[in-house]
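Some notes on the structure that comes next.
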Amino acid sequence: MSPIESEDFRVAKLNELKKAGVDPYGGRFPDTTKISELTDSFEKLEGATVRVAGRIMNHRPMGKASFTDIKDRSGSVQAFFQLKRLGEEKFHIHNQLEPGDIVGAEGELTRTRTGEITIFVEKFEVLSKALLQPPEKWHGLKDAELRYRRRYVDLFSSDEVMECFRKRSQIIENIRRYLAERGFLEVETPMMQSVAGGAAARPFVTHHNALDIDLFLRVAPELYLKRLLVGGMERVYEINRNFRNEGIDRQHNPEFTSLELYQAYGDYTDMMVLAEDIIRTLALQVSDDGRLPFGEHTIDYAKPFKKIDYFEAFEEANGFPAGDMAKVRDRAAELEIDVSGLGQELTVDRVFERTVEDALIQPTFIVDYPAALSPLTKPADADPAKAERWDLIIAGMEIGPAYTELNDPRVQEKKFMQQLEGEDAAEQTFRSIDRDFLRALSHGMPPAGGLGLGIDRLVMLMTNKTAIREVILFPLLRPSDD
RNA sequence: GAGGGUGUAGCUCAGUUAGGCAGAGCAACGGAUUUUUAAUCCGUAGGUCGAGGGUUCGAUCCCCUCCGCCCUCACCA
């Protein structure tokens, strides 16, 4: 049965409205006041005639009068419908209203005898009749699956959820303003790419009919943003979606939003200052002192972020250097990490993630990664086995990396080739070398620092949500057949 | 991909100790109620107990298979 046909009683009320000559799906309802303003500026507005529009959240009919809570984007206010004020005909129409319906109402703003700020309704319009019941008013929607599948219901029935997504929007707005103030240009680069470059991740494949070509949804915008550096956009960034055809868990959604940013004539140390400042600024916008709870921890963003060296941290955590492969493999086995088929550096990195990263709660930069894991990064002058790259870890989560960008086209080409050699056949089907990117580098890319920040994870930290699905409006779920 | 948990009314959840007519609260429906605050009072209705199969006189309960979701792990630059 279609959900639209399932609520007979609601349809009966809808028909009753139509019989009374009322369009149950009304139109424009202008000149409303935000409900929060009614309560914030009550002293000024008391006694005035006000108009509001919103959804009926609670309806308490009492025979010849009723109290109805109307909620808009800003808050909720009580409306009082009275037979003697509205007359038989209008009151009959009012009797067809119920929770979930969207109405516009106009009347005098006063307090009731019990002190509740209330609109004594003189006129009202039915703006949208809800044919389905809203969830129970006290518990709301609890079932996580239903909440994600029916986010629209989750949003109107939970202030907390609405607040979380409002914060998400503000965080992104604040990042944009921060970067605009520093001369960064926001751009959009292709989501559909014929070469899925910029990260070693499995892409989604799609097909363009008119051109008859397979395309990949991008796994990263990196190679396009660097082309823009070549083009002369010296400070450039993109906040947009990436798509990775990999597992789903509390920190991963197949599509996720990242900030990727490039600054010409800088390097990864500039990115460190920038990243730390952006994140601290955001934290201070949602807290008084830069300290925010996250799960069982409190993260302090006001203090300078810690910096640790990749190889030193490895040795400290494990008691032997990362170069001692026999011991590294023993340790991997001990931790029951499957490293079969992995090269040396990746084996080390798996152990590193488990023994170092997972334990890093306070914001920490892990500095100077193995060059073999960072093919787009400039090797360190002092030691070509190390790359000028850091990863920022907060609450055990990878928040983002930054590089001193490799701008030598020949070295870049060699690293691409090496990477291809290391791939198995299945991986290689997704991979080919982006020749045009190498051509762009050959035209000369300014030395630059590049930064990536996972926006979803940042929002998790700022809103104290430990599951990424809580900060993505419509996380990917298997389609249900209802 | 592996292991564990879970799925019962629109929503939130009990329950079937050990197989024997399917439960509550809220929401809904009918009635009363002109200042309520999760309104109250009286009454009514509401179910493929996730799906399919098996065992059984009888299955929501036991067994098998499948599906969704959650957790842990694995995968994931």
Side-chain angles (χ1 to χ4, degrees), chain A residues 1 3 6-10 12-13 57-69 76-86 91 98-100 110-118 120 130-150 153-154 157 198-202 219-220 222 244-254 256 335-343 345-346 348-350 352-354 357 366 369-377 387 389 391 398 400-401 403 419 422 427 452 466-467 469 475 477-482:
Chain A
M1 192 197 296
S6 64
E7 296 282 339
D8 294 342
F9 295 113
R10 290 194 170 239
K13 289 192 168 165
M57 299 310 288
N58 193 354
H59 190 53
R60 301 181 290 281
M62 302 193 41
K64 291 176 181 153
S66 79
F67 292 93
T68 301
D69 298 331
S76 140
V77 71
Q78 177 170 271
F80 184 48
F81 292 80
Q82 225 177 354
L83 172 60
K84 77 175 179 200
R85 225 172 255 265
L86 293 167
F91 197 74
E98 57 205 317
T110 53
R111 282 186 197 275
T112 58
R113 203 164 64 190
T114 53
E116 176 87 8
I117 293 175
T118 300
F120 280 64
L131 296 182
L132 290 175
Q133 280 189 52
E136 196 228 341
K137 59 188 168 190
W138 192 240
H139 294 94
L141 218 48
K142 271 270 182 55
D143 185 88
E145 180 186 355
L146 269 187
R147 289 182 44 234
Y148 303 145
R149 288 193 192 279
R150 306 188 192 161
V153 176
D154 194 28
S157 56
R202 245 170 233 270
V219 295
E222 175 150 358
R244 299 191 179 176
N245 206 340
E246 285 157 4
I248 297 176
D249 61 31
R250 30 186 28 223
Q251 291 175 22
H252 297 82
N253 192 60
F256 62 99
L335 296 167
E336 293 178 336
I337 304 170
D338 179 13
V339 293
S340 51
L342 295 181
E345 293 82 1
L346 273 176
V348 169
D349 202 50
R350 290 288 142 78
F352 181 87
E353 284 173 1
R354 275 285 274 287
E357 283 191 9
I366 300 167
Y369 262 68
L373 300 178
S374 315
L376 296 160
T377 311
R389 163 184 170 182
D391 265 36
E398 293 177 24
Y403 311 151
Q419 232 206 341
E427 291 289 314
T466 55
R469 286 176 162 188
L477 300 174
R478 196 176 292 275
S480 72
D481 49 9
D482 76 339

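A quick note: this is a predicted structure, and the numbers were derived from the prediction, not measured. Heavy-atom basis, side chains included; hydrogens, waters and symmetry copies ignored. First the proteins, then the strands, lettered A, B, ... as listed; each starts at 1.
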* Asked: Within less than 4.0 Å of OP1 or OP2 of A39(B), is there a side-chain N or O belonging to N58(A)?
  -> yes
* Just how far, in rounded Å, is P of C26(B) from NZ of K142(A)? -> 16 Å
* Asked: Expressed as a whole number of Å, how far does the P atom of C66(B) sit from that of G3(B)?
  -> 11 Å
* To do: Ignoring hydrogens and angles, tell me if any N or O in the side chain of E246(A) forms a donor-acceptor pair with the backbone of R202(A) under 3.5 Å.
  => yes
* Structure fact -> Residue set satisfying side chain to side chain contact (heavy atoms under 4.5 Å, CB included) with I248(A), at least two apart, ordered chain then number -> P254(A), R469(A), L476(A)
* Asked: What interatomic distance, in whole Å, is found between C1' of U65(B) and the corresponding atom of A28(B)?
  -> 38 Å
* Asked: Which residues satisfy the side chain to side chain contact (heavy atoms under 4.5 Å, CB included) test with A144(A), sequence neighbours excluded?
  -> Y148(A)
* Hey, does E136(A) reach any base, or is it just sugar-phosphate, or nothing, if we go heavy atoms under 4.0 Å? -> base
* Asked: Just checking, any donor-acceptor pair under 3.5 angstrom between side chains of R389(A) and T377(A)?
  -> no
* Rounded to the Å, how far apart are Q251(A) CD and C75(B) C1'? -> 14 Å
* **Non-hydrogen atoms of R147(A) and K142(A) that approach each other most closely** => CD-O, 3.8 Å
* Which base, if any, makes a Watson-Crick or G-U wobble pair with U72(B), both distances under 3.5 Å? -> A2(B)
* Using the C1' atoms only, state how far A38(B) lies from C71(B), rounded to an integer number of Å. => 32 Å
* Between G25(B) and C61(B), how far apart are the P atoms? Round to whole Å, please. => 26 Å
* Could you work out the separation of A24(B) and C57(B) based on their P atoms and round it to a whole Å? => 33 Å
* Does any non-hydrogen side-chain atom of Q133(A) lie less than 4.5 Å from one of E98(A)? -> no
* Identify which nucleotide among U35(B), C76(B), A38(B) has an atom closest to any side-chain atom of R350(A), counting heavy atoms from C-beta outward. => C76(B)
* Go through the N and O atoms of the side chain of Q78(A) and the base of U36(B), and report whether any donor-acceptor pair is under 3.5 Å. => yes
Protein-nucleotides 32-34 of chain B N/O pairs under 3.5 Å:
residue, atom, partner, partner atom, Å
U33(B), N3, G63(A), N, 3.4
U33(B), O4, G63(A), N, 3.0
U34(B), O2, Q82(A), NE2, 2.6

* Any donor-acceptor pair under 3.5 Å joining the side chain of H252(A) to the base of C76(B)? -> yes
* Roughly how far apart, to the nearest Å, are A45(B) and G31(B) at atom P? -> 16 Å
* To do: Return the nucleotide paired to A39(B): Watson-Crick means purine N1 to pyrimidine N3 with N6-O4 or O6-N4, wobble means G-U with N1-O2 and O6-N3, both under 3.5 Å.
  => none
Check residues 60-67 of chain A and write down every donor-acceptor pair under 3.5 Å in which the side-chain atom is one partner and the other belongs to a residue at least two apart or another chain.
residue, atom, partner, partner atom, Å
R60(A), NH1, D69(A), OD2, 3.1
R60(A), NH2, Q78(A), OE1, 2.7
S66(A), OG, H94(A), NE2, 2.6

* To do: Determine the contact category for R111(A): base if any of its heavy atoms lies under 4.0 Å from a base atom, sugar-phosphate if only primed atoms, P, OP1 or OP2 are that close, otherwise nothing.
  => nothing
* Atom-pair distance (NZ on K137(A); P on G25(B)), nearest Å -> 14 Å
* Distance in angstrom units between D391(A) CG and C76(B) C1', rounded -> 14 Å
* To do: Using the C1' atoms only, state how far G52(B) lies from U60(B), rounded to an integer number of Å.
  => 15 Å
* Structure fact -> Residue pair L376(A)/A144(A) against RNA chain B: nearer the 5' end by closest nucleotide is A144(A)
* What is the nucleic acid contact for F91(A), judged by heavy atoms within less than 4.0 Å: base, sugar-phosphate only, or nothing? -> nothing
* Pairing partner of C57(B) (Watson-Crick or G-U wobble, both distances under 3.5 Å) -> G20(B)
* Does V219(A) offer a backbone N or O that forms a donor-acceptor pair with the side chain of R244(A) under 3.5 Å? -> yes
Nucleotides 29-31 of chain B: which of its N/O atoms have a protein N/O under 3.5 Å away?
residue, atom, partner, partner atom, Å
C29(B), OP1, K13(A), NZ, 2.8

* Structure fact -> Partner of G25(B) under the Watson-Crick or G-U wobble criteria, both distances under 3.5 Å, comes out as C11(B)
* Do the side chain of R113(A) and the base of U35(B) come within less than 3.5 angstrom through a donor-acceptor pair of N or O atoms? -> no
* Using atom P of each nucleotide, how far apart are U12(B) and G7(B) to the nearest Å? -> 13 Å
* **Whole-Å gap separating C1' (A28(B)) and CG (L132(A))** => 13 Å
* **Atom pair distance, as rounded to whole Å: CD in E398(A) and P in C76(B)** => 12 Å
* Assign L346(A) to base, sugar-phosphate, or nothing according to its heavy-atom contacts below 4.0 angstrom with the strands shown. => nothing
* Side chain proximity check, D349(A) to E353(A), heavy atoms < 4.5 angstrom -> yes
* Asked: What does P134(A) touch in the nucleic acid at a heavy-atom separation under 4.0 angstrom: a base, only the sugar-phosphate, or nothing?
  -> nothing
* **Interatomic distance where CD belongs to E246(A) and P belongs to C76(B) [whole Å]** => 8 Å
* To do: Describe the nucleic acid contact of D69(A) in one word from base, sugar-phosphate, nothing, applying a heavy-atom distance below 4.0 Å.
  => nothing
* Asked: For F67(A) and A38(B), what is the distance between atoms CZ and C1' respectively, to the nearest whole Å?
  -> 15 Å
* With a 4.5 Å heavy-atom cut-off, do Y369(A) and F352(A) have their side chains touching? -> yes
Heteroatom pairs (N/O) under 3.5 angstrom, protein to nucleotides 71-74 of chain B:
residue, atom, partner, partner atom, Å
C71(B), OP1, R250(A), NE, 3.4
C71(B), OP1, R250(A), NH2, 3.2
A74(B), OP1, R354(A), NH1, 2.3

* Asked: Can any side-chain N or O of D249(A) pair as donor or acceptor with the backbone N or O of H252(A) at less than 3.5 Å?
  -> yes
